[in-house]
Peer 1: 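Below you'll find the structure I mean.
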Amino acid sequence: MHTPTSTNDVGKKPHGYLLYYALTAVNVVTVVASLTLSHMLMSTFTESVAEGAEWADRLGAYTEINTLAQQVNAPGNDIFDSKDTQLEAARLAEAHVAFDVAIEEARADITANIAPQFKREFLKELDEIDAGMHEMVAEATHIFRLFETGQYEKAGSRMATMDRKYAIVTIEISHISEVVRTIQAKAFEEHLAHAASFRRLEYLIGGMIVLMVAGVGFYGQKMQQSMTAMLTRSRQLQAALQDTVGNLERAQTEANAANKAKSDFLANMSHEIRTPMTAILGFAENIAENVTSEEDIENIATIQRNGKYLLTIINDILDISKIEADKMTVEHVDCDPAEIVESVRSLMADQARDKNLGFDVEFEGDIPVTIQSDPTRLRQILINLLGNAIKFTEKGGVRLITRCINEGNNSRMEFDIADTGVGMTEAQTFKLFKPFTQADESTTRKFGGTGLGLTISKGFAELLGGDITIVESEEGVGTRFRTVIATGSLDGVKINTEPASSIEAAKPIKTSTQTDLTGLRILLAEDGPDNQRLITFVLKKAGAIVTLAENGKIAFDLALAAQAEGKPFDCILMDMQMPVMSGFEATAALRDAGYTGRIIALTASAMPRDRKRCLDAGCDEFATKPIDRPVLTALVARGSQPRTAAA
């Protein structure tokens, strides 16, 4: 029912009009505040999205640079399969041009668009990437030239250097990508912090929302939609970053695969060279026993000397490969430094005497009776350095000076090798510790050598907690190298106060003799005709009864048949790479069949992993080719019970 309006109410303003005006004012303030907050948030997140998208695009460009770097690296590896130097050189040139274009585009972008505080670091990274790439291209070009002249082994050795340059390029690309991600994360955090500073205004608006639900709700809805869009975009950018990280991880995996391929190549090369060298050195030794003319004796000695030198080169290449791949390990056991010095002196004194050079061993002060180190590697270092000193010295002499620096936890041994040889200029000394490099190319022509000895020795010294440095060198006067190794703790270690007296006079090295194998029944599993003849000759000469198997399947059958007859072989010499059934397969099959006799692996593969693989297959011992007759016969005799020939 409608109630008539009182005449007293006419002309009166509605009740609560002040609240109405207040609410209107609050509404206006709320709208203005909401619009301001919305604009600020939109600006902040739009800027964040734009900046994130810009950095994501830039990161994509760096990923493309990494892909182009892979394309530049590929021809230097693919040449070993295609053998087509013109094709691979063309691919290399095309990929290198594309890489240079991408680098210049990135450099222009950085110069024009990146803030000054980041610009210098980015440009420095790009310069290092560009320099590394040009070095890698130079190595690849050198590999092509070696292929064109048929120098395939040298080309293979250069591949390690090229891949190392490529690894440096990929690492630098990874560095610049990491910088990008760091900048992105920092920028995103700054935008979030900026957005968080709007909270007070948001709380003010929240208070006014109580009075103006509809208006504030509308703008609140808009702000929520904006925030949702921004968060969605942020998640998209995060996903893009994760994709980029995945690409970099895949690139790292590919680089690791390239390193594995290099190691496999070196191992295969070692096997392929060692196998024929077994026959060459073995039959040369056979001939040496039956020749009498001085000329023939000298010819055979030349063959043996050069064959052993070739094996030394192969061993050096394998050592440097393991050092570069961080797979070289050393022992830390108790050893006597005076004894090591004596063993080295006894080996090197004859070389110095043959050149009419003086050779002196000196001790400066007391030295410990024992230190914690790897005696084999330390001996190898000293032999390498002394061998170089003798090789490059024509008159005068060589000295080995030993001292101990006792400084608690930092105690060390120092070995100085001083010579009166050709010496070096300051410029030449900078080249010394690089693989396949000598101070002066003329030294290679005059004195020979691969340039690996110092690099390997330095790597060993570093693994032993020290280093190798040049103390002094003067051209035409001589050189002084210093090897430093850690000793481990010397607390409680006895001190040798008269180390010089520990060095005995050099004694003639007795010629090793072969162990008597009379009556031993040996099964020789070997597929190479030359090595069959050689090893059979060596074993029979030592008195063994030899049965020959041309592959692993025949060896498997003969071994089980002999065991079933109650006449098992005393030892099986098992070549590990044979047709039909390999030595690995034959050994594993024999062990699965319950065969417990001695099996000695005989292989041209000399990497540590090859030894482990042979032992894991079930072999008891491991012998490498070329064979050392006394070592092989002693290895066969070890643990075997001699039988009579009638048995």
Side-chain angles (χ1 to χ4, degrees), residues 54-114 118-149 151-152 154-180 243-244 246-259 261-262:
E54 179 182 348
W55 282 107
D57 292 339
R58 191 169 286 120
L59 192 59
Y62 298 150
T63 302
E64 177 63 21
I65 289 175
N66 188 55
T67 300
L68 292 173
Q70 295 176 18
Q71 295 173 3
V72 176
N73 180 62
N77 288 279
D78 293 345
I79 186 65
F80 291 90
D81 294 323
S82 69
K83 304 294 191 301
D84 190 337
T85 56
Q86 291 185 351
L87 171 64
E88 301 303 342
R91 287 179 58 206
L92 176 68
E94 181 180 355
H96 191 200
V97 169
F99 179 87
D100 283 343
V101 170
I103 287 291
E104 290 306 315
E105 289 177 353
R107 186 177 281 110
D109 171 63
I110 290 170
T111 302
N113 301 315
I114 291 183
F118 303 120
K119 185 181 299 183
R120 178 177 298 177
E121 183 176 2
F122 274 90
L123 292 177
K124 179 182 177 182
E125 292 284 351
L126 284 181
D127 289 340
E128 292 179 355
I129 291 170
D130 196 20
M133 177 54 68
H134 279 79
E135 291 179 2
M136 188 181 79
V137 169
E139 290 295 332
T141 302
H142 187 56
I143 289 174
F144 295 157
R145 288 198 298 270
L146 291 173
F147 255 84
E148 289 175 345
T149 57
Q151 301 181 67
Y152 303 120
K154 289 186 177 179
S157 67
R158 298 300 301 186
M159 184 175 69
T161 304
M162 183 191 72
D163 285 345
R164 186 169 65 255
K165 299 296 184 183
Y166 170 63
I168 293 173
V169 171
T170 58
I171 289 171
E172 293 299 334
I173 294 174
S174 176
H175 286 171
I176 199 171
S177 299
E178 187 64 32
V179 173
V180 170
D243 289 342
T244 301
N247 291 334
L248 292 174
E249 290 175 347
R250 284 191 292 273
Q252 182 63 42
T253 300
E254 292 173 359
N256 292 337
N259 282 333
K262 180 189 72 173

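We count residues from 1, following the sequence as given.
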Peer 1: Roughly how far apart are Ile114 CD1 and Glu121 CD, rounded to 0.5 Å?
Peer 2: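 Interatomic distance, Ile114 CD1 to Glu121 CD, rounded to 0.5 Å: 10.0 Å.
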Peer 1: Hey, is Arg91 close enough to Glu88 for a salt bridge, meaning N to O under 4.0 Å?
Peer 2: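 Result for this pair is yes, salt bridge flagged.
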Peer 1: Which heavy-atom pair separates Ala106 from Ile65 by the least distance, and what is that distance?
Peer 2: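 For Ala106 versus Ile65, the nearest heavy atoms are CB-CD1, 4.1 Å.
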Peer 1: If you count the non-hydrogen atoms of other residues, nucleotides and ligands that lie under 6.0 Å from NZ in Lys119, is the total more than 12?
Peer 2: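 More than 12 within 6.0 Å, yes.
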Peer 1: Hey, could you give me each pair passing salt bridge (charged side-chain N to carboxylate O under 4.0 Å, His left out) that has a residue in residues 132-144? Not counting sequence neighbours.
Peer 2: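 Found Glu135-Lys165, Glu139-Arg158.
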Peer 1: Sorted by first residue and then second, give each ring pair (Phe, Tyr, Trp, His ring centres under 6.0 Å) pair with at least one member in residues 122-141; sequence neighbours left out.
Peer 2: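 Ring pair (Phe, Tyr, Trp, His ring centres under 6.0 Å) check on residues 122-141 returns Trp55-Phe122, His96-His134.
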Peer 1: By the salt bridge (charged side-chain N to carboxylate O under 4.0 Å, His left out) test, which pairs, at least two apart or in different chains, include something from residues 99-112?
Peer 2: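 Qualifying pairs: Arg58-Asp109, Glu104-Arg107, Arg107-Asp127.
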Peer 1: Nearest 0.5 Å please: distance from the CG atom of Leu92 over to the CG atom of Leu87.
Peer 2: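 If I round to the nearest 0.5 Å, the distance is 11.0 Å.
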Peer 1: Considering all heavy atoms of both residues, which atom of Gly76 and which atom of Ala140 are nearest to each other, and what is their separation?
Peer 2: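 Nearest heavy atoms, Gly76 then Ala140: CA-CB, 4.4 Å.
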Peer 1: Output, in order, the C-alpha distance, side-chain angles, deciding distance and verdict of side-chain contact (heavy atoms from CB on, under 4.5 Å) for Phe144 and Gln86.
Peer 2: CA-CA 9 Å; Phe144 295 157; Gln86 291 185 351; over 6 Å; no
Peer 1: What distance separates Ile143 CD1 from Met162 CE, expressed to the nearest 0.5 Å?
Peer 2: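 Interatomic distance, Ile143 CD1 to Met162 CE, rounded to 0.5 Å: 4.5 Å.
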Peer 1: For Met136 and Val72, work out which heavy atoms get closest and say how close.
Peer 2: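 The pair with the smallest heavy-atom distance is CE-CG1, 3.6 Å.
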Peer 1: Which heavy-atom pair separates Ala69 from Val169 by the least distance, and what is that distance?
Peer 2: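 Minimum heavy-atom contact is CB-CG1, 4.1 Å.
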Peer 1: Please check if atom CD in Glu148 has more than 12 non-hydrogen atoms from other residues, nucleotides or ligands closer than 6.0 Å.
Peer 2: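 Buried by this count: over 12 neighbours within 6.0 Å.
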Peer 1: So, do Val137 and Phe99 sit near enough that their side-chain heavy atoms are less than 4.5 Å apart?
Peer 2: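 Answer no - side chains too far apart.
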Peer 1: Should we count CD of Glu64 as having more than 12 external heavy atoms under 6.0 Å?
Peer 2: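 Atom CD in Glu64 is crowded, with more than 12 foreign heavy atoms closer than 6.0 Å.
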Peer 1: Heavy atoms, side chains only, cut-off 4.5 Å: are Asp163 and Asn77 in contact?
Peer 2: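 Side chain of Asp163 against side chain of Asn77, heavy atoms only: contact under 4.5 Å found.
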Peer 1: Give, for atom CD1 of Ile129 and atom CD1 of Ile171, the distance between the pair rounded to the nearest 0.5 Å.
Peer 2: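 Those atoms lie 11.5 Å apart.
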Peer 1: Could you tell me which non-hydrogen atom of Ile173 sits nearest to which non-hydrogen atom of Asn66, and how far apart they are?
Peer 2: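 Result for this residue pair: CD1-CA, 3.6 Å.
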Peer 1: So how far is it from Glu125 CD to His175 NE2, rounded to the nearest 0.5 Å?
Peer 2: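 Taking CD in Glu125 and NE2 in His175, the distance rounds to 7.0 Å.
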Peer 1: Hey, could you give me the CG/CG distance between Asn73 and Leu68, rounded to the nearest 0.5 Å?
Peer 2: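 Answer rounded to 0.5 Å: 12.5 Å.
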Peer 1: If you take the centroid of each ring, where Trp contributes its six-membered ring, are Tyr152 and Phe80 closer together than 6.0 Å?
Peer 2: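 No, the ring centres sit 6.0 Å or more apart.
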